[in-house]
Amino acid sequence: MEQIAYVNGSFVPLSEAKVSIFDRGFLFADGIYEVAAVLDGKLIDNASHLARLERSVGEIELALPETTARIQEIQKELVARNDLVNGMVYLEVTRGADTGRDFAFPKNVKPTLIMFTSTKDIINAPSAKTGINVITVPDLRWARRDIKSVALLAQVLAKQAAAVAGAGEAWMIEDGKVTEGGSSSCFILTQDDVIVTRQNGSEILPGCTRKAVVALAEERQLRVEERAFSVEEALAAKEAFVTSASLFVQAVVSIDGKKVADGKPGPMTNRLREIYIEFAKATAV
Ligand code: PLP
C-alpha cells in the first residue's frame with residue numbers, strides 16, 4: 001500500500017503529495033517543523049511538540065492554519081491511515097505559496113501544512129545498545145536557534161560531515177562550548193554525578209525530550225545543572241548522551257575519535273533511557 005501524506009486539508013498518496021514551487025518554505029525556508037515519535041501507534045510527548053510549534057510560529061508571525069487540537073487529530077489520522085506502529089510524524093507549516101518571490105510577508109496567502117510519517121523502531125534501534133560516535137564541527141547557524149525553523153543547511157553540512165566520518169551525530173561548537181547536536185540536545189554526567197545540559201536560550205533549540213529528561217531526573221532527586229560545557233569537559237566526564245524525539249536517550253561513546261570513559265553506554269544513560277521510555281509509554285496519546 002502506498003504511504004499516505006497530508007497536504008493542506010487532504011490525505012493523499014505520497015506520489016500525489018505536492019506543493020507549489022512558489023511555496024515560501026521552498027524559496028526562503030520560511031517555515032517551521034516538528035517531529036513527534038510514535039510508539040505502538042501513539043504519539044509521544046505531543047503536547048510539548050505542539051506547544052513548541054505554537055511558540056515557533058509565533059516568533060515568526062506565522063498563523064497556524066489549524067488549531068493545535070485539530071493538528072493532533074490530523075497526526076493521529078495519518079498514523080492510522082499508514083498503519084504506523086513505531087516511528088515518527090513529521091509536520092511542516094510554511095507561510096504558503098505566493099505568486100512570485102517577494103521577501104516581505106504575502107497578503108491573503110494561506111499557510112501550507114503538510115505531514116508525513118516514517119517508520120523506526122526507536123526502542124530497539126541497534127545504536128541504543130552500542131551508543132554513537134560523534135564528531136565536532138563549528139556551529140554555523142543563525143542567532144535564533146530557539147525557533148524550529150526549516151532552515152537546516154548548517155545541520156545538513158554538520159551531519160554530512162558526521163556521516164563521512166562514520167559518526168552518528170555532529171556536536172556543534174561555539175565559543176569553545178557545545179551548543180547542541182545537529183538534531184539532538186547534548187548532556188554529560190560529571191565525575192561527581194551531576195547531569196549537565198546547556199541552558200535554554202537563543203543559542204539552542206529547547207528540546208522536548210531534553211525538557212522531559214531534565215524533569216524526570218529532578219523528580220528522582222538526581223542533580224541537574226543547566227549550563228554550557230566544553231568538549232574537554234565531556235571527554236573528562238563519566239558519561240555523555242544526546243536526546244531527541246527520534247532517539248529518546250542515546251549514549252555518546254566517543255567524541256572526535258576519543259573515548260568517553262570506557263567507550264560504552266554508561267549506567268546513568270541507560271537508566272534515563274528506561275525512565276524516558278516508561279514516561280513516553282505512560283503519557284502517549
Ligand atoms: N536540537 C536540535 C538542533 C534539533 O534539531 C533537535 C531535534 O530535531 C533537538 C535538539 C531535539 O529536540 P526534540 O527532543 O524536541 O526532538
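First listed ligand is number 1; within each ligand, the first listed atom is number 1.
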Next item on the list: Could you pull out all residues at least two apart from Glu92 that satisfy side chain to side chain donor-acceptor pair (under 3.5 Å)?
Entry: Tyr90
Next item on the list: Using side chain to side chain donor-acceptor pair (under 3.5 Å) as the criterion, list what pairs up with Asn108, not counting sequence neighbours.
Entry: none
Next item on the list: State whether Phe105 and Arg95 meet the cation-pi test: NZ (Lys) or CZ (Arg) under 6.0 Å from the six-membered ring centroid, and within 45° of the perpendicular axis.
Entry: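 Arg95 over Phe105 ring: yes.
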Note to self: Any salt bridge linking Lys42 with Asp40? Criterion: basic side-chain nitrogen under 4.0 Å from a carboxylate oxygen.
What the structure shows: no
Next item on the list: Kindly work out whether a path of hydrophobic side-chain contacts (I/L/V/M/F/W/Y, heavy atoms less than 4.5 Å apart) joins Tyr33 to Ile147.
Entry: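 Tyr33 and Ile147: separate clusters.
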Name each N or O atom in ligand 1 that is under 3.5 Å from a protein N or O, and give the partner atom and the distance.
| from | atom 1 | to | atom 2 | distance (Å) |
| --- | --- | --- | --- | --- |
| ligand 1 | 1 (N) | Glu180 | OE1 | 2.6 |
| ligand 1 | 8 (O) | Lys148 | NZ | 3.1 |
| ligand 1 | 14 (O) | Cys208 | N | 3.4 |
| ligand 1 | 14 (O) | Thr209 | N | 2.9 |
| ligand 1 | 14 (O) | Thr209 | OG1 | 2.6 |
| ligand 1 | 15 (O) | Arg52 | NH1 | 2.8 |
| ligand 1 | 15 (O) | Arg52 | NH2 | 2.9 |
| ligand 1 | 15 (O) | Cys208 | N | 2.8 |
| ligand 1 | 16 (O) | Ala245 | N | 2.9 |

Margin query: Restricting to ring pair (Phe, Tyr, Trp, His ring centres under 6.0 Å), what partner residues turn up for Phe28, sequence neighbours left out?
Written below: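 Once residues adjacent in sequence are excluded, the partners of Phe28 under the ring pair (Phe, Tyr, Trp, His ring centres under 6.0 Å) criterion are Phe103.
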